[in-house]
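Down below is the structure, laid out as structure tokens.
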Protein chains: 2
Amino acid sequence: MNTDDEPRVTITAIAREAGVSVPTVSRVLNGRSDVAPGTRERVEELLRSHGYRRRGSRTVRRAELVDLVFNDLDSPWAVEIIRGVEDVGHAAGVGTVVSAIHSESTSTRKWLQNLRSRASDGVIVVTSHLAPPVHAQLRRLNVPVVVVDPATGVPGTDVPAIGATNWAGGLAATEHLLELGHRRIGFVAGPTHLLCSRARLDGYRAALEAAGVPLDDRLVQPGDFYHASGFTAGSTLLDLDDPPTAIFAASDQMAFGVYEAVRRRGLRVADDVSVVGFDDLPEARWASPPLTTVRQPLVEMGRLAARTVLRLAQGEETESPRVELATELVVRDSSARPAGR
Amino acid sequence: MNTDDEPRVTITAIAREAGVSVPTVSRVLNGRSDVAPGTRERVEELLRSHGYRRRGSRTVRRAELVDLVFNDLDSPWAVEIIRGVEDVGHAAGVGTVVSAIHSESTSTRKWLQNLRSRASDGVIVVTSHLAPPVHAQLRRLNVPVVVVDPATGVPGTDVPAIGATNWAGGLAATEHLLELGHRRIGFVAGPTHLLCSRARLDGYRAALEAAGVPLDDRLVQPGDFYHASGFTAGSTLLDLDDPPTAIFAASDQMAFGVYEAVRRRGLRVADDVSVVGFDDLPEARWASPPLTTVRQPLVEMGRLAARTVLRLAQGEETESPRVELATELVVRDSSARPAGR
DNA sequence: TTGTATGCGTTATCAC
DNA sequence: GTGATAACGCATACAA
């Protein structure tokens, strides 16, 4: 008489167990209004514990909203990603909700609450490291998550991640400077806890080693991707007894900070010190001089992330594709042969 | 027996006339699910034609989403506004939906459709000139609209608008250059169809007139706010027989284009040609040299716009405040006394 | 009371 | 038929 191990978990069964009607369970599944918070929770819990899966390719409610979450909206970086996501979302008739959680738990809680009340169809997290409980929450709500530019190795489980070939980019930039004839090449690093920072640094090191150039720890200065740190690090490098003839900054913004450090010393970018950045933000092309940099396909990364969440929202089970889109060295006017050669 | 002119329009009456139950009308009013599209339209039409007003200060559904609409997301400009709106929205537990409609009617239609299906609580339009029928639609849907940086004089009716004191900013920048001793001052204009462009140009002219400096049409060059046009206009100005000793660009991005034009001629910004911009984007502080510019409180404009829509969404009838927030001249290193004085 | 909002079941319907 | 969704009304809760 025990029928606990029936193979099919149907909403009829859930409804009976929860003591509600079938349509009510259906409403919970589709995140619609007209369900009491308590009932909704009870049903969600049962759905989860019974491991309910949708039958066939039934009409999954058309996606209406995807969330795009940044830590901060303080960089031109962010707009590029937004453009990519908005572009795909717009075409699919889906709204893009942009948020900044500032790495605060209260802020995150507020966002999560809002996300829930408006029934978001998917979340794209940029660089941020959402706390595991937040991931768990989203899982419970059946909201798919995609990470752009993963901050850490494994966000927890099988979350799809979209990044760029940071190591290859660091390598290419450094090789470019080596080919120009530079031997003392400074490096301005990004935050060390970020995966992309470490990959860029390793690419820099790998290029130097391959060229047989000895590593000098003083040539590697810390930074945080923002302008000010580039200025500070650049100043430190230029004030060394044996200053570098070229500086590779792990972000365009830091490269512009280096520009300012160079200028303040009465030196000229390219003529006296070569500078290479990373990102290829729009202003790189319009800086004076135009910045040689490693192009990161930010818009394309946003597009791919959007396509991926929307696909997941449709119920298509993507097998967590950890994609890395190619970076590309863009040579402009800020890099030249070292002076006096 | 004729009771047509009963003073109170109640949803019971609407329900009877539409041939549906009272709860159904209530659902339409609150933008909830479980109403057939046809029914919803019929009821909306009746509500509108009978001029239905909510009784008392009944629980207006808490706002969940506001829309922020740009023409294009291709400028650092946009992030600043987004930051302001997101900040206020986030604090109020409201999501910010960012869209770019690219001035296309099909794109706008798609956005409007999505906006409707997810029941947006308010719209903030940036610079864009939404077509009158779109405004009419939003009115029908009872969605409040606020305009930031109004593109044109009157968006149609009594829509609240939040701008900046563009004329005063243009005046201040020009006066600053005059005080430094410049007499030939070039101007790189923005798109002439935009209100803010014309105000900045008029401010420039007013300052010159007040100082008794004759206007020279050749010193005013057209632009479109983007880098490239600044470069072109700057080049034209510097190639004049009697080139200006200072150039005031109506946007920071164009000012950077001017930087490049100056550099390409082997000249130096500030030492040879003073340059002043408009906006005070984050990169203005970090340009080489740091740019003297007119600060526009973009984040604050976004914040105010968000507060205003949310207030309107709550039913508080703001009497269309056409606010202009103050601009402020920020003197940095790109402006100096003319050479040889 | 009267007006309005919410939660949930009933009935019809649709896809397989 | 069976699983699931869509549209609407009933009963109720609650505010003025």
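We name chains A, B, ... by the order of the sequence lines, and we start the count at 1 in each one.
Out of C/dT4, C/dG9, C/dG7, the shortest distance to the side chain of A/R27 is found at C/dG9. Among the nucleotides D/dC8, C/dT4, D/dT5, the one closest to the side chain of B/V35 is D/dC8. Of the candidates D/dA7, C/dG7, D/dT5, the closest approach to any side-chain atom of B/P37 belongs to D/dA7. Closest to the A/S21 side chain, of the nucleotides C/dT10, D/dT5, D/dC10, is C/dT10.
Per the geometry, CG belonging to A/D34 stands 17 Å off P belonging to D/dT12, to the nearest Å. Per the geometry, CG belonging to B/L47 stands 10 Å off P belonging to C/dT4, to the nearest Å. If you take CD1 of B/I14 and P of C/dA5, they are 13 Å apart, rounded to a whole angstrom. Remark: P of C/dT4 and CD1 of B/I11 are 5 Å apart, rounded to the nearest angstrom. Rounded to whole Å, atom P of D/dA7 lies 13 Å from atom CZ of B/R42. Computed from coordinates, the A/R16 CZ to D/dA4 P distance equals 13 Å when rounded to whole Å. Taking atom CG of residue A/L29 and atom C1' of nucleotide D/dT5, one finds them 11 Å apart after rounding to whole Å.
Of the side-chain N and O atoms in B/Y52, one or more sit less than 4.0 angstrom from OP1 or OP2 of C/dT4. For B/T24 and D/dG9, the shortest distance from a side-chain N or O to OP1 or OP2 is below 4.0 Å. At the phosphate of C/dT4, OP1 or OP2 sits under 4.0 Å from a side-chain N or O atom of B/T10. B/T39 has no side-chain polar atom (N or O) that falls below the 4.0 Å cut-off from OP1 or OP2 of D/dA7.
Distance OG1/A/T127 to CG/A/D72: 10.5 Å, rounded to 0.5 Å.
In this structure, B/V20 reaches the sugar-phosphate backbone alone: every heavy-atom distance under 4.0 Å involves primed, P, OP1 or OP2 atoms, never a base.
Annotation: salt bridge (Lys or Arg N to Asp or Glu O under 4.0 Å) contacts involving residues 84-111 of chain A, sequence neighbours excluded, comprise A/D87-A/R303.
Between B/T12 and A/A36, the residue anchored nearer the 5' end of DNA chain C, judged by the nucleotide with its closest heavy atom, is B/T12.
Classification of B/D67 and B/R118 as a salt-bridged pair holds, one side-chain N sitting under 4.0 Å from a carboxylate O.
Remark: the B/S21 side chain and the B/T24 side chain contain an N/O donor-acceptor pair separated by less than 3.5 Å. A side-chain donor from one of A/S107 and B/H90 sits under 3.5 Å from a side-chain acceptor of the other.
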